Structures are given as C-alpha cells and as structure tokens.
Amino acid sequence: MKSLKLISSAIAMLVCFVTMAQQRTITGIVSDETKQPLPGVTIYNQTSKANAATNFDGQYSIQAKTGDMLVFSFIGYKNQSQKVQNSNIINIKLLPDNQTLSEVLVMGYGTSNAEYEDRSYAPAERRKEKRDKSVAPQGKMAMPVASNALYMPSPNVVVRGNASVSPKNEPMYIIDGVPAKANQMAKINPNDIDNVSVLKDQAATSLYGTKGSNGVVIVSTKNELYKNLSEKELDKKLNIMPIPVEPTQEDYDAFVENAFESPKIAPLSTFSIDVDNASYTNIRRFLNNGQQVPKDAVRVEEMVNFFKYTYPQPKNENPFSINTEVSNSPWNANNKILKIGLQGKNIPTNDLPASNLVFLIDVSGSMSDMNKLPLLKQSLKILVNELRAKDKVAIVVYAGAAGMVLPPTSGDEKKTIIDALDKLQSGGSTAGGAGIELAYKTATENFIKGGNNRVILATDGDFNVGSTSNSDMEKLIEDKRKTGVFLTCLGYGMGNYKDSKMEILADKGNGNYAYIDNIQEANRFLGKEFKGSMFAIAKDVKIQIEFNPKQVQSYRLIGYENRKLRPEDFKNDAIDAGELGSNHTVTALYEIIPVGVKSDYLNVQPDDLKYTKIETNSSNYTNELATIKFRYKKPDGEKSIEMVQVIENKSAAMEKASDDMKFSTAVAWFGLKLRDSKLIADKSSKEIVKLAKQGNSNDPEGYKAEFIRLVETSKQYN
C-alpha cells in the first residue's frame, strides 16, 4: 500500500511537472481604470519572448506556460506584470502613468478661509461644510480665495487618466446646468463664478452616464447667467467663434464639385474607384474638436466608403460583385439616386500571399506630438500583431536624412520589430523624397513574386527637404509604381497636416490612404480590416457608365472629383486607377434628373445647332436606365479585364430602399452640406439624422451610431 502511495505521488508530481512545462493559450481583456477596453496594448512573455496585442475590444491571446511572466504595456499607462498560474484567463486593469486630478485650485479675491460645496446638477440643492483648508474632499475642487489670479481649465484638463493617446479625453463640463466645452469654460469671467466642483468615478457616471467617465467639472455662476442656453447661444454670449483652420498650417487641394451633365452631350461618365476613407476620419477630428471643417477637406466619396455595406460575395471568377439600386433623392424631391456597390472577394487569411512590407516612418521634429509619432508606433504594433512567419518587415526612417533601422525581419520575430519601433524618436527636418527612394529600393530588393509587396508610409505629410512640390512628389511616386510595389499612406496629427501630399501619393502610387486620429481607428484599419487594407485583389479598377437619354435628362457623379477620367482612359491600360482589397466594399452615388422633370440645376442645351446634331436611337432600350462597365487588372497583371452590366429603369421610394441605400445617401448628404453644395435644396441636419437612423443596421462596431452623433453635435446641426 505504501509503495502504491509513493507511485501515485510520483505520478502526480510528474503530471504536474509536464503540465507546468506545457504551453497553453492565455486569453483575457485589458481595460483602463474605468473598465473601458484598451485596444493596442502590448503583451510580452518575458520567458518565451512571445508577443501579442489587444484587439478593438481589449481582448488578447498569447501562448505561455505556468510560471511565465507576462508584461502588459501601453503608452500613457503603467506597465503591469502578471505571473501565469493555473487559470487560462487573465484580465488586467492598467492604471494611468500620469497623476490624476485630486485637487484643482481656483483662486480669486477674498479671505483665506476655504469652503467646500457639494453640488449636483440642480444648483438649489446645496450642502456646505467647513473643512481644514489643507485637505480637499474626494472629487471636489478646493476653493481657497486668496488672490486675483484665476486658473481656468484648458482644453487639456485631465480629471481621469487618458484612455488612449487620442487628444479627445477631456472631462465633461457643466455650466449652470448646461453641458459645455473647455473653450467655453475658459471664457467665463472669473468674477461671475460662484462655485466649482468636480465629480469623479462613480459619482460622475451615476449622474451623467458614460459621458462622465472622464470626470465632470460643474460650474455655477452667481446669477445663473448661462442657465437654459443652447450651445450656440452659449458661444454667442461668450463671444466664441468657430475655430478657424489656418490655411498655412494645414494643406488641402481645392476642387469644384461635379456639375449636372446631359447624356446627349456627355454620354459617358468615367472614373477610378476610391477605397480611401481618410477624409472621413479627418472630418471626425475637426467635429470632435468643435472646429469648422475646411470645405476642401471634405471628399464625399471617402465619407461614404468609410462604412461597410452588406453586398453579396462574387459568385464567379471575377474578384468582386456588382450591385445597383435606384431610389428617390432626399435632398432634391424630383430627382433619383443611383447607388453602385462593389464587394471584393473575401480571401481566407491562410490563403493570402506572403507579405514584403517596408515601414517608412517620418521621425522629423514635426512628429513629436502625442497624436503623431507615439500614436504611430502604437498603430504599427497592431499591424505587426497580424503578421505571419512567412511575412517580413523592414523599417526605414527619415528626418534630416533617410536610413534603415531594421533590415527585413520575419513576421514571427514580433519582439524584435516592436523593440525597433519603441526606440524611434523625433527630431530634425523632413527628407521625404530620400525616404521614399530608400523604402522602394528596400522593397524592390526583397520583392516576392506573386506576393504582397508594399511600402507603408506613416507621416503628417510635411515634406520640407528634397522633393517638396506636389508635382515632384507625383512624378516620383508614379515612377516607383512601375516596380510593382503598392503603397499605403497613414496620416497623423493636426495643425500642420498636409492632406494634399498624402492624397497625391496614394492616388498615384497604386495605393490607399487612411487618416489615423486615434488608436481605435488604427485598430480598425490595421487590425480588423487588415486584409482589405493590405492585400489587393484587383488594381486599376475603373468604372464607365452610359446613361440612357430616353430616361435620364441629366446626371452628376457625387464626389470622386479628383478620380474622374477621360472616356478614352477607360480602355487605356497605361492609365492608373484605384485598387480593391480583400473583402473591401466600394460605393458610388449618382444623382439623376429624370426626363420630363423641371429643374433649376439643368444646364440649358442649345437645340438649334447647325453643324452638330445629336441623335439618339434608344427606342429599343426603354427598360434600361444605364449600362455600366468595369475594367480591372489582377494584382500582378498588366492587361485589364472588362465586365458589363445593365441597370434597369426601376426605382423604389426611399422608405422601401435597402438600409445600405439609406445610410450611404445620408452620409453623402451630410458631406454635401459640409461642402456647402449649391446643388442640394434641403440642408436639414435633422432630416439627415432621420434617414441615417432608418438605415443604421449591421453596425457591430458602432461606427454608424458615431456618425449620427457627429451630425447631431456638429455646429452645422440645424
């Protein structure tokens, strides 16, 4: 019996030893101190050197064994270490690295005695307690009145720790019961203030919900001067104008919106597809900051294409399906809207070709801000987490000169790649041209035939050394396009942002372009949509549509102004056009004035021409609205393939249209309003919101709901 016990004990110890030695999958969620998930957190196994990162929902997965030490790190937060024990689930809460606000000192005329007031939303509900002036109660503002200096909150006040590197983590402000912004708070006359208090943690969220998750600063004036005012009325009373965008600081290419054209005079409309969505995230940045959106920053097609639509997968050998729908125009009652939707084939990750990537990173002095190089490094870590062993990455940087900081490295050496990113620092001028030359040289030397060869340029676009003019950059990138290397442009920052250069690079270099305004957007574009962003399934995709003049009096393409092509460019394989990624969707909208409709937007066509008579013979096509043609090349091909589809003359009321039709039209409508379009009669934001809400479905990430909120809270809302 004793020997049996010894044997059993030995077996148990052996099983325990084997179990400890075995690798297993550890999963969990990383959140901040407010229990909000943190995307882009790096998890490093100190024992095995394995590396992982959290996704959009803060979830991670990493291989480890009992006894391994996992280190969780994220910019702006304290590193946290956790030893792997018996559980396969480890949830982590990270704490801010900066000191959170425990006391704010507001100073004005008076005596040195301090009074503390606990005030909820209703100013009448008050409770005063005298306390020792050296100690402030939890979550309150100490108010010793000692001098004539007033330190008002700036737009960078932090009541709680930042939840991301986004600049938009300010507390909520309440002035006399009216929700306000930091710039409004800062404009209040200090002599008018009666009381200031701060709510944090549960005290804030219990009253104000998630809006109070960053804390709430409550201000009451002596005579309730701002009670019951709207945001616009509050701005007016405080003499606040919309923040202008300094034209010498941010650069956008000017363009004129497409006009209505007659199918008798211009029978063909030809353009390149555009899968970029940088314009939308850039607009979102302006709206979130309470700024006026520059008219030329609005590219309607990029707003529409930020969102994903439920088009069916292709059913044949072609890489995308074609989907059309016609409905009523919500902004011009007698007109129609034609929607054209492309759905790229969804290729399983394991079937994707090997990647040869070169990170081209701007480390010049202009990249020092938190929403530039620090955000850039966290963004690229998300992309690194998606790489496989057969993929490889090189890192090229440029400032006063260009240089390689990491030679081509296997995608499974994530720790090596991330260490190289972490060491990057900003400083110097911006040799953008030299950087592009070196990056393409590196990509070409390591070219994978049949693979995904791509340069990923991350910058604020502020090139100020070497090739600087737009024409120089265009010529350079067109030349590099011939190498077969694709291009992805990632834009960062604000103030000196050069959108025009970024767009030229993407448009001319077989590329795509995204503006990264926060870590969540990085996770969307580089994580969740990695396949669509990084793997092209078709290039040089062009669309040409011929409208039937028996049904269409006039038409106009909504957006795509800088993607329009000449009719003869459609069959010219030397002409560059846009690329389509795996599982990507592309949407284009036309506005149509049907035959027989009177419209103020019609260009009057002469009917007494002597030498030019335009005859139409479409009597046999009365059931056709238009014929649409597509041309595309395979990613490594040089000869285009053509697809043709007829669009029926069949329309449904907007109330009966698909959710995709409703939502895409609402987004375009808001874009046209931001551009102050002269071709829309109805500019009601309330109607835009109504239509968007009707079409808001299939929104697991909440991007469509966010759009609705942006419209509702924008200064243009009326």
Side-chain angles (χ1 to χ4, degrees), residues 5-33 35-75 77-95 348-352 354-355 377-393 409-422 519-520 522-524 526-531 700-701:
K5 287 183 178 180
L6 289 172
I7 292 171
S8 298
S9 177
I11 291 173
M13 291 178 64
L14 181 62
V15 169
C16 181
F17 176 78
V18 171
T19 302
M20 289 180 64
Q22 285 179 340
Q23 291 274 359
R24 64 184 197 269
T25 301
I26 305 298
T27 61
I29 297 175
V30 182
S31 58
D32 63 11
E33 77 283 13
K35 299 183 180 179
Q36 296 297 312
L38 287 175
V41 176
T42 299
I43 301 96
Y44 173 57
N45 187 329
Q46 287 186 331
T47 307
S48 69
K49 312 304 181 186
N51 200 282
T54 56
N55 64 14
F56 186 83
D57 299 313
Q59 300 169 340
Y60 73 92
S61 174
I62 191 169
Q63 293 295 308
K65 63 180 183 293
T66 302
D68 285 358
M69 183 67 72
L70 302 182
V71 179
F72 298 78
S73 60
F74 188 61
I75 187 169
Y77 287 78
K78 296 177 182 177
N79 287 358
Q80 184 165 326
S81 299
Q82 180 68 48
K83 182 176 286 188
V84 177
Q85 297 178 341
N86 296 329
S87 177
N88 290 335
I89 299 176
I90 300 177
N91 296 324
I92 294 294
K93 182 172 74 172
L94 295 183
L95 298 176
T349 302
N350 292 337
D351 296 339
L352 291 170
S355 291
K377 293 194 288 187
Q378 291 293 340
S379 302
L380 292 180
K381 288 178 185 179
I382 294 172
L383 192 155
V384 170
N385 192 51
E386 300 292 332
L387 300 179
R388 304 155 299 179
K390 64 180 180 180
D391 302 324
K392 55 186 175 182
V393 173
T409 302
S410 172
D412 62 354
E413 296 183 40
K414 292 179 171 53
K415 176 67 166 53
T416 302
I417 301 170
I418 288 174
D419 282 348
L421 288 171
D422 282 337
I519 196 67
Q520 287 80 12
N523 195 73
R524 183 193 73 86
L526 298 173
K528 287 182 177 295
E529 298 181 11
F530 173 71
K531 291 193 297 183
E701 310 299 339

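Quick caveat, the model's predicted, so the values are computed rather than measured. Just so it is clear, the values below take in all heavy atoms, side chains as well, and ignore hydrogens, waters and symmetry mates. Residue numbers run from 1 in the order of the sequence given.
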Which heavy atom of [X] sits nearest a heavy atom of [Y], and at what distance?
X: V84; Y: A64; value: CG2-CB, 4.0 Å
X: A522; Y: S379; value: CB-OG, 3.3 Å
X: V384; Y: K414; value: O-CE, 3.2 Å
X: A389; Y: D412; value: CB-OD2, 3.8 Å
X: V71; Y: S81; value: CG2-OG, 3.8 Å
X: K415; Y: K49; value: CB-O, 3.9 Å

Point to revise | Set of residues satisfying salt bridge (charged side-chain N to carboxylate O under 4.0 Å, His left out) with respect to K83, sequence neighbours excluded | key: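 Result, salt bridge (charged side-chain N to carboxylate O under 4.0 Å, His left out) vs K83: none returned.
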Check your understanding: Got a sec, which residues hit salt bridge (charged side-chain N to carboxylate O under 4.0 Å, His left out) with E413, two or more places apart in sequence or on another chain?
Key ->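 So E413 forms no salt bridge (charged side-chain N to carboxylate O under 4.0 Å, His left out) with any residue.
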Counting distance only, does the side-chain N/O of [X] pair as donor-acceptor with the main-chain N or O of [Y] below 3.5 Å?
X: S73; Y: N79; value: no
X: N91; Y: I29; value: yes
X: D68; Y: K65; value: yes

Would you check if [X] and [Y] make a side-chain contact, meaning some heavy-atom pair closer than 4.5 Å?
X: T27; Y: Q59; answer: no
X: I417; Y: L380; answer: no
X: N88; Y: I26; answer: yes
X: V41; Y: Y60; answer: no
X: D391; Y: R388; answer: yes
X: L94; Y: K78; answer: no

How many angstroms lie between atom [atom1] of [X] and atom [atom2] of [Y], to the nearest 0.5 angstrom?
X: K531; Y: D351; atom1: NZ; atom2: CG; value: 9.0 Å
X: F530; Y: L352; atom1: CZ; atom2: CG; value: 8.0 Å
X: N523; Y: L383; atom1: CG; atom2: CG; value: 11.0 Å
X: L70; Y: I90; atom1: CG; atom2: CD1; value: 5.5 Å

**Study point:** Worked check of side-chain contact (heavy atoms from CB on, under 4.5 Å) between I519 and I382
**Key:** CA-CA 9 Å; I519 196 67; I382 294 172; 4.0 Å; yes
Review point. Restricting to pairs with a member in residues 377-386, which pass salt bridge (Lys or Arg N to Asp or Glu O under 4.0 Å), not counting sequence neighbours?
Key: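 Qualifying pairs, neighbours excluded: K381-D422.
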**Study point:** side-chain contact (heavy atoms from CB on, under 4.5 Å) assessment of I62 paired with N45
**Key:** CA-CA 8 Å; I62 191 169; N45 187 329; 4.2 Å; yes
**Study point:** Verdict with supporting geometry, T25 and Q63, side-chain hydrogen bond (donor to acceptor under 3.5 Å, both in side chains)
**Key:** CA-CA 5 Å; T25 301; Q63 293 295 308; 2.6 Å; yes
Check your understanding: Could you walk me through whether R24 and T66 pass the side-chain contact (heavy atoms from CB on, under 4.5 Å) check?
Key -> CA-CA 9 Å; R24 64 184 197 269; T66 302; 2.8 Å; yes
